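First the structure, in the form of C-alpha cells, and then the observations on it.
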Amino acid sequence: YYLTVPLQFAYAVNDQLSFAVGGRCIMGINSTSAGITIGNSALGAANTSIGVDYKENATGFGGVIGVFYQPNNKLGLSLHYESKVKLDFEAKDNTGNYTLIADGAKNRRDLPATLCSGVSYKLTEHLTGAADFGYCFQKNADWGTITYKNKSYDASDAAGDSYTAGIGFNWDATK
C-alpha cells in the first residue's frame, strides 16, 4: 500500500478562478508472503516446502498543481496535474526459506504522472451533471524490465499509457 502525505496551498484570484500548488510525500510499503509444499511424488520424494517472505519500502516526493475556473454559477471546470514520483523499493526482512529478492536489493516502481480534468454543470435547481477524464503517463515511469521468451522488455512501455473517464449526476434532495 501507498501512504500519501500532501501539503498544498490554494489561492483564489477572484470568485471565478483559483489555483493550487503543492507537494506530496509517498511512502510505499509492500509485503510479500507466499509458500507451496510439493509432496506425494510418484517417485517417493520427500515433501518439499518453498516459502518467500520479505518486505519492500520506498519513499518519494512529487509536485501537484491545479486550476479551477467557474465562469458562472452553473459551470465548473478543473485541471489537475501530479508529477511522477520516483520510488526505489528496497527489500528487507527476508525470512522465507527461498530468497526471491535478497535483502538490500532495489526494485524501481515509480508512480506515473497524471493529468486530470473535470467539468460540472448545474442542469436544474436540484440536478448537477459531471464528467471527468484522467490520463496516466505510465510509459514515462520506470517499472524495470520484464523477460518473456528470453527477451527483455521495458515494463512501463509494455503497459502503455492509460486513461479513465467518468460521468455522474448529483441530486440535491434538500437545501
Side-chain angles (χ1 to χ4, degrees), residues 1-10 18-38 49-69 76-121 129-170:
Y1 55 93
Y2 295 79
L3 299 175
T4 303
V5 179
L7 180 61
Q8 297 186 35
F9 301 93
S18 63
F19 294 95
V21 65
R24 60 190 178 139
C25 174
I26 307 286
M27 292 166 280
I29 303 162
N30 292 337
S31 179
T32 300
S33 183
I36 187 170
T37 300
I38 302 169
S49 293
I50 300 171
V52 294
D53 193 353
Y54 64 94
K55 294 175 180 66
E56 289 182 298
N57 295 322
T59 302
F61 301 92
V64 178
I65 189 166
V67 61
F68 179 73
Y69 179 61
L77 305 166
S78 66
L79 194 61
H80 177 94
Y81 176 78
E82 295 179 0
S83 70
K84 176 175 83 171
V85 177
K86 178 183 170 185
L87 292 171
D88 277 319
F89 284 89
E90 184 173 347
K92 65 178 186 172
D93 298 335
N94 246 314
T95 58
N97 65 357
Y98 179 78
T99 302
L100 187 61
I101 298 178
D103 280 347
K106 299 237 178 182
N107 178 22
R108 185 77 177 265
R109 185 76 175 174
D110 296 344
L111 282 182
T114 58
L115 180 64
C116 303
S117 61
V119 60
S120 67
Y121 190 79
D132 66 45
F133 180 82
Y135 195 83
C136 193
F137 300 92
Q138 293 178 167
K139 286 183 179 183
N140 293 332
D142 186 347
W143 289 350
T145 59
I146 53 176
T147 303
Y148 178 69
K149 294 186 177 181
N150 297 324
K151 207 170 176 190
S152 291
Y153 300 92
D154 180 82
S156 54
D157 195 45
D161 291 341
S162 65
Y163 66 89
T164 61
I167 189 167
F169 296 93
N170 184 63

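Just so it is clear, the structure is predicted and the values come from calculations on it, not from any experiment.
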Looking at [X] and [Y], would you say the former's side chain and the latter's main chain have a donor-acceptor pair under 3.5 Å?
{"X": "Asp161", "Y": "Lys139", "answer": "yes"}
{"X": "Asp154", "Y": "Thr145", "answer": "no"}
{"X": "Asn107", "Y": "Glu90", "answer": "no"}

Which atom names give the shortest non-hydrogen contact between [X] and [Y], and what distance separates them?
{"X": "Asn30", "Y": "Phe89", "value": "ND2-CE2, 3.4 Å"}
{"X": "Val85", "Y": "Gly60", "value": "CG1-C, 3.6 Å"}
{"X": "Asn94", "Y": "Asp103", "value": "N-OD1, 3.1 Å"}
{"X": "Leu77", "Y": "Val119", "value": "CD2-CG2, 3.4 Å"}
{"X": "Ala91", "Y": "Tyr54", "value": "CB-CD1, 4.4 Å"}
{"X": "Ala159", "Y": "Gln138", "value": "CB-NE2, 3.9 Å"}

Supply the atom-to-atom distance [X] [atom1] to [Y] [atom2], rounded to the nearest 0.5 angstrom.
{"X": "Thr59", "Y": "Ile29", "atom1": "OG1", "atom2": "CD1", "answer": "8.0 Å"}
{"X": "Thr32", "Y": "Glu56", "atom1": "OG1", "atom2": "CD", "answer": "6.0 Å"}
{"X": "Thr4", "Y": "Glu82", "atom1": "OG1", "atom2": "CD", "answer": "8.5 Å"}

Which residues satisfy the salt bridge (Lys or Arg N to Asp or Glu O under 4.0 Å) test with Arg109, sequence neighbours excluded? none
Applying salt bridge (Lys or Arg N to Asp or Glu O under 4.0 Å), name anything that partners Asp53, two or more places apart in sequence or on another chain. none
With sequence neighbours left out, what residues match Tyr135 under ring-ring contact (aromatic ring centres under 6.0 Å, His included)? Phe137
Please name all residues satisfying ring-ring contact (aromatic ring centres under 6.0 Å, His included) with Tyr163, sequence neighbours left out, ordered by chain then number. Phe133
Under 4.5 Å between any side-chain heavy atoms of Pro112 and Asn140, yes or no? no
Residues forming a side chain to side chain contact (heavy atoms under 4.5 Å, CB included) with Asp110, sequence neighbours excluded: Lys84, Lys86, Arg108, Ala141, Asp142
Contacts table for residues 61-69: side-chain donor-acceptor under 3.5 angstrom, sequence neighbours left out:
none

